[in-house]
> 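Got a structure for you, questions after.
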Amino acid sequence: MTTADKDTPKHESDARHFDPDALREKYREERDRRLRADGNEQYVEVEGQFAHYLDDPYVEPGFERAPLTDEVEVMIIGGGFGGLLAGARLRQAGVEDIRIVDPAGDFGGTWYWNRYPGIACDIESYVYLPLLEEIGYIPKEKYSFGQEILAHSQAIARKFDLYRDTCFQTRVEHIQWDEDEARWIVSTNRGDRMKAHYLCLATGPLNRPKLPGIPGLDAFEGHSFHASRWDYEYTGGDSSGGLTGLQGKRVGVIGTGATAVQIVPHIGASAEHLYVFQRTPSSIDVKNNPPTDPEWAKSLKPGWHQHRMDNFNSLVSGVPQTEDLVNDGWTDIITSLILSLEQEATADLTPEDIDRAVEIADFEKMESIRARVASIVAAPETAEALKPYYRQFCKRPCFHNEYLDTFNRENVTLVDTQGKGVERITKTGVVVDGRAYELDCLIFATGFEVGTDYSRRAGFQLEGRRGRSLTDTWSEGVRTLHGMHVHGFPNCFLMNMAQAGFTASFPHILNEQAKHLAYVIKKSIDDDLEAVEVSPEAEAAWIARCIEKAGANADFFENCTPGYYNNEGNTAPGAQKGFLSGQNGFYGGGSGSVEFIGLLEAWRAEGSMPGMEVRPRSDASARKKAARAR
Ligand code: NDP
């Protein structure tokens, strides 16, 4: 053994095909050149002259209905998986009087709005799609396409009779707590002034499209739209592709995140020329998508779905399992890490050794991602530009088999902006590094607001007791118990990411939140409560715990290239608005969501709703309730 070997931690000496120090330095350089002082402020709200980017292309214009002024037991804002799961779990608990409100024309949320060509989910369908056993449905393939997920959303609504009493094409404008009546008053753009005893906010974490603040953004005179409202009238085709309207057209796509990765191959196949404007490359792993084996489907035993979801969630949360049921690009990094740590079992590893081993496993993974780029993309300069230099979970990993190959087409050009972003937009196209690219159509695949105020993203202000708004209550950072209950906001349940567990399969956590809120609401109804509200002490204790837990991830996110995961790189203490960082972050640390879900289960099992202040129903409101029942 050489002196160098002796000084090198064991895991690093195993990894001779790359130099960890050089990679660390490269990652730092790539991060630094993307850091910008304006952080989240670099993005532009979709409003004013861009407001039409939010129009609903899937409904007939002219919908009208009479305003509603009635009362329901539970009002759910949002008809995506959050609202559907809340509705389903409430119905299972025996709560009948439910109304769901959504601006869309049907259920589906994200999967209603996003119908761009190639739309699919790269989390395994047998894990991602909720309530499979309840619906009696087995997805057609390992990874579902968007149409199947939208159809499944609607199947959930039918199964649990959630279409009944739903208000579609209705945008909530304001919600206010009426202390005297102990009711939420929900006002909408349809003139409604509805009352609800309980309120569930399931507005989604990535629901509000955002635009890049590029100089000249409003100058472009060609056709343009945001990918989340695909304009098939212009492009032709459908979500399976065949974009015949793009023949003879020069098309630009700004953005190379998970959305762009799915649309680029379809545009490349149809447009006269496609320019992809890249700021940061995504990591693109393999996606093997076999059809579902009917024999496997037949072999599934009751309880299989929760078991598979838990297995996946544990693995992506770093909790060792005896088997890897999903066995794909999401789970292989942790599986190989566990294996390598098992080989070291006798070595008495310190936490630093484990961190180092995790980092080396990450380097290995990303080296294979970069090698894949080189093996597919023919032009060396383009291949180099498409290689991501950051740790795998700094940005959302992507999985696609045609994206990289699209850059081998003669009619497709990658315009790499060297981490700086597009320089300027003009009347006729896009400028990068002084060079103009003339375009007929410009598509923004630039993502969704994350670090902005909750109320702005939800589209309405929530006013709790004494008229205090949620925005004011959270002005110094998110305040909750379990990410769900906020002091000053009785009978209100947030299905939020902040201060709740994070998992790669978002519906998993929504399902757990739905079970939890259904329990609290049902118990409150059974106990004849007027109001249930978290105490200031319980809320403060939870915040302290979340901040302590977030500390464990702080280093990781600080070293990441900027993006919505780390508040666009602004991770300094006091920068509260990040998605996954600080007080506004998810319930972090070690096994994050696994621990979080365990805490919720234990809380329910305790039976007395610890940390909640409850107010029994007054005689007057009991009389009102009885009168309503008559
Ligand atoms: P993202 O926020 O992930 O990507 C936005 C893209 O726009 C990034 O590539 C970003 O670059 C780029 N961008 C922003 N500003 C500029 C600029 N000024 N110049 C050039 N480029 C710019 O949005 P997506 O819609 O792609 O994805 C959002 C989320 O939706 C995903 O993270 C994922 O959670 C989810 N999703 C999931 C899918 C699934 O399979 N389950 C499929 C699609 C989306 P930079 O990286 O440098 O910021």
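When a ligand or atom number is given, it counts from 1 through the structure's own listing order. These numbers come from a predicted model, not from an experiment.
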> Can you list everything that forms a side-chain hydrogen bond (donor to acceptor under 3.5 Å, both in side chains) with Y128? Sequence neighbours excluded, please.
W111
> Mind checking ring pair (Phe, Tyr, Trp, His ring centres under 6.0 Å) for F407 and listing every partner two or more places apart, or none if nothing turns up?
Y403
> Any protein N/O atoms within less than 3.5 Å of an N/O atom in ligand 1? List the atom names and distances, or say none.
unit_1	atom_1	unit_2	atom_2	d
ligand 1	9 (O)	T256	N	2.9
ligand 1	9 (O)	G257	N	3.3
ligand 1	19 (N)	V422	N	3.2
ligand 1	25 (O)	T259	OG1	2.6
ligand 1	26 (O)	A258	N	3.1
ligand 1	26 (O)	T259	N	2.9
ligand 1	26 (O)	T259	OG1	3.4
ligand 1	32 (O)	Y564	OH	2.6
ligand 1	34 (O)	R396	NE	3.2
ligand 1	34 (O)	Y564	OH	3.3
ligand 1	40 (O)	A120	O	3.2
ligand 1	40 (O)	D122	N	2.9
ligand 1	40 (O)	D122	OD1	3.0
ligand 1	40 (O)	D122	OD2	3.3
ligand 1	41 (N)	R396	NH2	3.1
ligand 1	46 (O)	K395	NZ	2.7
ligand 1	47 (O)	R279	NE	2.8
ligand 1	47 (O)	T280	OG1	2.6
ligand 1	48 (O)	R279	NH2	2.9

> Describe, in one word, how the ring planes of F277 and Y437 are oriented to each other, choosing from parallel (under 30°), tilted (30 to 60°) and perpendicular (over 60°).
perpendicular
> Would you call the rings of F596 and Y587 parallel, tilted or perpendicular, taking 30° and 60° as the class edges?
tilted
> Would you say the ring centroid of Y565 lies under 6.0 angstrom from that of F393?
no
> Check ring pair (Phe, Tyr, Trp, His ring centres under 6.0 Å) between F363 and all other residues, then give those that pass, not counting sequence neighbours.
F18, Y27
